[in-house]
Amino acid sequence: MSISRTKLPVIQTTALPPLYAAWIDELLAGPIPRETDATCDDCAMLSDAGTEAESGETFFNPETKCCAYVPELPNYLVGRMLADRDAAFAKGRATVVERLQAGVGVTPLGMEPPPIFSVLYGRSSATLFGQSRSLRCPHYLADEGGRCGVWKHRASVCATWHCKYVRGATGMTFWQTLHKLLSTIEQSLARWCVHELDPGGDALKLLFPLGEESARTHVDPHALDGAPEPKKQRALWGNWAGREAEFYQECARLVELLKWPDVLALSDPAARIYARMTGAAYGQLMSAELPKALKVGSFRCDRLKGDTQVINSMELPHALLEALPYFDGRPTQHALAAIRAERGIILHRALVRKLVDFQILVSCEQPSGAS
Ligand code: SF4
Ligand code: SF4
């Protein structure tokens with residue numbers, strides 16, 4: 001018997017938004033493999049009617065998919081959205097203009113999620129994410145099959161999150177590290193833009209409050225009702241009050257001029273740490289090496305499916321499950337040879353690599369759970 005893996009990652013150009021792709025291309029040694037299992041055009045997280053009850057799998061609400069979430073948008077990305085006059089982007093741009101006019105969470109630092117989202121999501125993200133239509137993103141185009149209106153300029157959280165990873169935990173670690181890097185940069189550059197464009201001292205005091213005054217610890221009742229106080233909004237925008245769209249586009253222009261070394265130099269030092277970690281995680285993502293010695297990880301059997309068992313999202317035939325104990329810390333090559341000799345099973349390297357990616361097997365050289 002020969003057990004192999006049919007699906008290998010397809011190397012394509014990165015699907016990051018163009019601004020971020022230009023930066024990250026300078027950081028990484030090659031293109032990022034596309035996460036082909038996260039099939040957004042035909043969402044991988046929706047069930048056929050009745051499937052959920054049978055399998056016990058979690059599915060998303062078809063009216064939200066993974067967009068029961070409102071991302072923070074840094075000022076320069078808002079500016080890119082407003083400046084984009086491509087006809088194909090018109091609907092997405094309109095959603096940004098609508099938020100700009102409503103004014104809720106609209107500050108020189110960018111666009112914040114509305115208070116109702118922050119409070120509810122902060123309380124129960126596990127049950128609401130992917131499920132609640134009330135928390136659906138304002139840039140979700142429901143009348144276009146749930147397309148993201150701002151995909152071309154989406155923020156780091158939306159650019160790096162995937163519901164499924166071709167390389168399991170190895171892929172998830174790479175994308176999570178890249179998210180840390182990009183979100184650190186987003187926060188740093190948004191602040192840098194405010195500094196460069198100077199809304200004035202009074203506005204800065206409101207934007208960077210001290211201690212308990214933080215807007216995040218208080219819900220503004222006017223913003224909650226969708227009608228922020230005009231006086232407070234003017235104070236927040238200072239010298240730029242009444243010219244908010246112009247401010248955002250000026251931020252986009254400033255950031256557009258930056259090369260990758262400038263981005264790192266202007267960002268919090270944590271960005272340089274995350275850049276290094278992202279490079280290392282990319283090395284893991286692109287590596288097909290097998291650890292020298294393996295042991296069985298700790299996992300839960302999700303469910304039975306015909307002759308297979310679903311473990312950590314992988315469907316494993318029983319014959320393969322029975323061979324796992326051969327990975328007991330002896331050299332990997334010895335374990336493979338013993339499985340072949342005693343069980344008559346040839347385990348291909350790609351399948352063993354996948355078992356490692358999904359943490360069914362773990363390296364003896366690192367703590368279990370690390371990837
Ligand atoms: S990333 Fe979101 S839209 Fe894409 S397949 Fe996954 S749940 Fe569906
Ligand atoms: S910005 Fe786009 S991808 Fe992100 S939550 Fe909104 S609709 Fe979804």
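Remember, it's a predicted structure, so these values are computed and weren't measured experimentally. In listed order, ligands and their atoms are each counted from 1.
- Between the side chains of Glu250 and Trp240, no donor N or O sits under 3.5 Å from an acceptor N or O.
- Remark: minimum distance from atom 4 (Fe) of ligand 2 to any protein heavy atom is reached at Cys158 SG, 2.3 Å.
- Below 30°, between 30° and 60°, or above 60°: for Tyr76 and Trp23 the angle between ring planes is between 30° and 60°, a tilted geometry.
- Residue Cys163: an N/O/S atom is found under 2.8 Å from atom 6 (Fe) of ligand 1.
- Remark: minimum distance from atom 2 (Fe) of ligand 2 to any protein heavy atom is reached at Cys148 SG, 2.3 Å.
- Here is the list of ligand 2 atoms found below 4.0 Å of a heavy atom in Tyr140: 7 (S).
- For atom 1 (S) of ligand 2, the closest non-hydrogen atom on the protein side is Val150 CG2, 3.7 Å.
- Closest to atom 6 (Fe) of ligand 2 among all protein heavy atoms lies Cys137 SG, 2.3 Å.
- Residue-ligand proximity, Thr39 to ligand 1, at heavy-atom distances under 4.0 Å covers atoms 5 (S).
- Heavy atoms of other residues, nucleotides or ligands lying less than 6.0 angstrom from CZ of Arg340 number 12 at most.
- Of the heavy atoms in Leu46, none comes closer than 4.0 Å to ligand 1.
- Annotation: atom 5 (S) of ligand 1 to nearest protein heavy atom, Ala44 N, 3.4 Å.
- A salt bridge links Glu144 to Lys91: one of the charged nitrogens lies within less than 4.0 Å of a carboxylate oxygen.
- If you look at His162 and Trp175, their ring centroids are closer than 6.0 Å.
- The six-membered or imidazole ring of His153 lies near that of Phe89, with a centre-to-centre distance under 6.0 Å.
- Cluster annotation: Leu361 is connected to Ile345 through the hydrophobic network of ILVMFWY side chains, with a link wherever side-chain heavy atoms come within less than 4.5 Å.
- Counting only N and O atoms by type, the side chains of Asp357 and Thr170 include a donor and acceptor under 3.5 Å apart.
- Between atom 4 (Fe) of ligand 1 and Cys66 there is no N/O/S contact shorter than 2.8 Å.
- Near Phe60, with a cut-off below 4.0 Å to any heavy atom, the atoms of ligand 1 are 7 (S).
- For ligand 2 and Tyr69, the ligand atoms under 4.0 Å from any heavy atom of the residue are 5 (S).
- Every atom of ligand 1 with a heavy atom of Met45 under 4.0 Å away is listed here by number and element: 7 (S).
- With 3.5 Å as the limit, one finds a donor-acceptor pair spanning the side chains of His139 and Arg99.
- Here the protein heavy atom with the shortest distance to atom 8 (Fe) of ligand 2 is Cys67 SG, 2.3 Å.
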